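Take a look at the structure set out below.
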Amino acid sequence: MREASVSLSAISANVEQLRRLADGTAAMAVVKADGYGHGAVEAARAALEGGAERLGVADIREALALREAGITAPILAWLHDPEEDFVAAAEAGIELGIGRVEQLDAVAATDASPTVHLKVDTGLGRNGVERTRWAELFERAAALEGAGRLRVTGVFSHLANAGRDEDLAQVAAFETALTMADAAGLSPELRHLAATAGAIDVPEARFDLVRLGVGIYGLSPFDERDAASLGLRPAMRVEAAVAAVKRVPLGSGVSYGLTYRTSADTTLALVPLGYADGVPRQASSSGPVLINGERFTVAGRIAMDQFVVDVGNAPVAVGDRAVLFGDPAAGEPAADDWARAAGTINYEIVTRIAGRTTRTYRA
Ligand SMILES: *Cc1c(COP(=O)(O)O)cnc(C)c1O
């Protein structure tokens, strides 16, 4: 048994809570990367249930998969291949983020008059049209809209989360972009800038819509504040059944490189999850594991398929459940604990869970 179980009611409740924190602003649930590892279709349905009105994904294939599953809510896809063919997306009613001026003509060529959201770079330095080309972007979009080739519904950007001053500088740049869009004759009804962190912390960035990703999965985007303090509940629990136990003497080496040696006669428990399943090898000798209500630490290197826990004299048996992370309110380690152990962020911990783990859903 290797399982990532996902609470759908937690996702719904997290959307409700985030909307409260964002003062009721309309929400797009971001379900890219297979719903941050939670399952895009199921996460999308749960988020819509919780009050999200729209969905966001990175690429068109992700958007089409949601449509094929029968999801009819508006979906925005914003990161495209250089040679992307936009016809299928336009015909499926997928809204298209425009991150390069050149994409406007490619999108306008579809004959399906797609709905677009123009993405401006207000300081993140990543996807989005650079400031020196905003006028060109808006004028070209307005011309194509006037010709009936596309419809501009949104203008958006993304925050760097570098601090309050930087956030507000991006808000100001975004307002400049909106003024320029207006001057070009565009009237986008959806202006959006904030993701989870901005939705909570930067009221000035909420505009018409917030794009909620990590928060809907019950994880905090902040280093200093955990999910519980935000009223969020982690949706994913990862666990496996202990596959073997053995008694070994003091001084026994454990796993590749023998980087861990037992400090007493002890019991070693084998957990059948490894880096092929998304457990970060960087958390060797540091990741936390809960077995029978007691917290232990990974002993030695995490391998491709398995790792070992030194459980001392605790009565651990084959088949007992080893929980890597779940809900700290239930005494389980948090994805944040694994993130710290691996020197990364909670986003990466949940998104990478895959391989041979079976995903299941619970209320
Ligand atoms: C991933 C992403 C989001 C969601 O970010 P979170 O920090 O997970 O809330 C929002 N907008 C864009 C453009 C993104 O790429």
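Quick caveat: nothing in here was measured; it's all calculated off a predicted structure. Below, each value reflects all heavy atoms present in this structure, side chains not excepted, and no hydrogens, waters or symmetry copies. FYI, the numbering just counts along the sequence from 1. Atoms within each ligand, like the ligands themselves, are counted from 1 in listed order.
R247 and T267 share a donor-acceptor pair across their side chains, judged by distance under 3.5 Å alone. Side-chain atoms of T153 and R151 include a donor-acceptor pair closer than 3.5 Å. No hydrogens or angles considered: a donor-acceptor pair under 3.5 Å links the side chains of T360 and E3. The closest side-chain donor-acceptor pair between S5 and R362 falls under 3.5 angstrom.
Those atoms of ligand 1 with a heavy atom of G213 less than 4.0 angstrom away are 4 (C), 6 (P), 8 (O), 9 (O). Numbered from 1 in the order shown, with element, the atoms of ligand 1 that lie under 4.0 Å from a heavy atom of T196 read 6 (P), 9 (O). Close approach of ligand 1 to K119 (heavy-atom distance below 4.0 Å) involves ligand atoms 13 (C). Counting atoms of ligand 1 from 1 in the listed order, those under 4.0 Å from a heavy atom of Y36 are 1 (C), 4 (C), 5 (O), 6 (P), 8 (O).
Comparing heavy-atom distances from atom 12 (C) of ligand 1 across Y347, Y217, W78 singles out W78 as nearest.
Using a 4.5 Å heavy-atom cutoff, the side chains of V57 and W78 are not in contact. Contact of the F307 side chain with the L324 side chain is registered, since non-hydrogen atoms from C-beta on lie closer than 4.5 Å. Side-chain contact between T351 and I353: absent, with no pair of heavy atoms (C-beta onward) separated by less than 4.5 Å.
Under the 4.0 angstrom criterion for non-hydrogen atoms, M28 is not in contact with ligand 1. Heavy-atom separations between F156 and ligand 1 are all 4.0 Å or longer.
Of the protein's heavy atoms, R211 NE, 3.5 Å lies nearest to atom 10 (C) of ligand 1. The protein atom (non-hydrogen) at minimum distance from atom 3 (C) of ligand 1 is K32 NZ, 3.8 Å. Looking only at heavy atoms of the protein, atom 5 (O) of ligand 1 is closest to A195 CB, 3.4 Å.
With hydrogens and angles ignored, the 3.5 Å screen pairs a side-chain donor or acceptor of H80 with a backbone N or O of G97.
Residue-level proximity to ligand 1 for R126 is carried by the side chain, the only part with a heavy atom below 4.0 angstrom. Using a 4.0 Å cut-off between heavy atoms, H192 makes no contact with ligand 1 at all.
No N or O atom of G215 sits closer than 3.5 Å to an N or O atom of ligand 1.
The aromatic rings of H192 and F156 lie parallel to each other, with less than 30° between the two planes, well short of the 60° mark.
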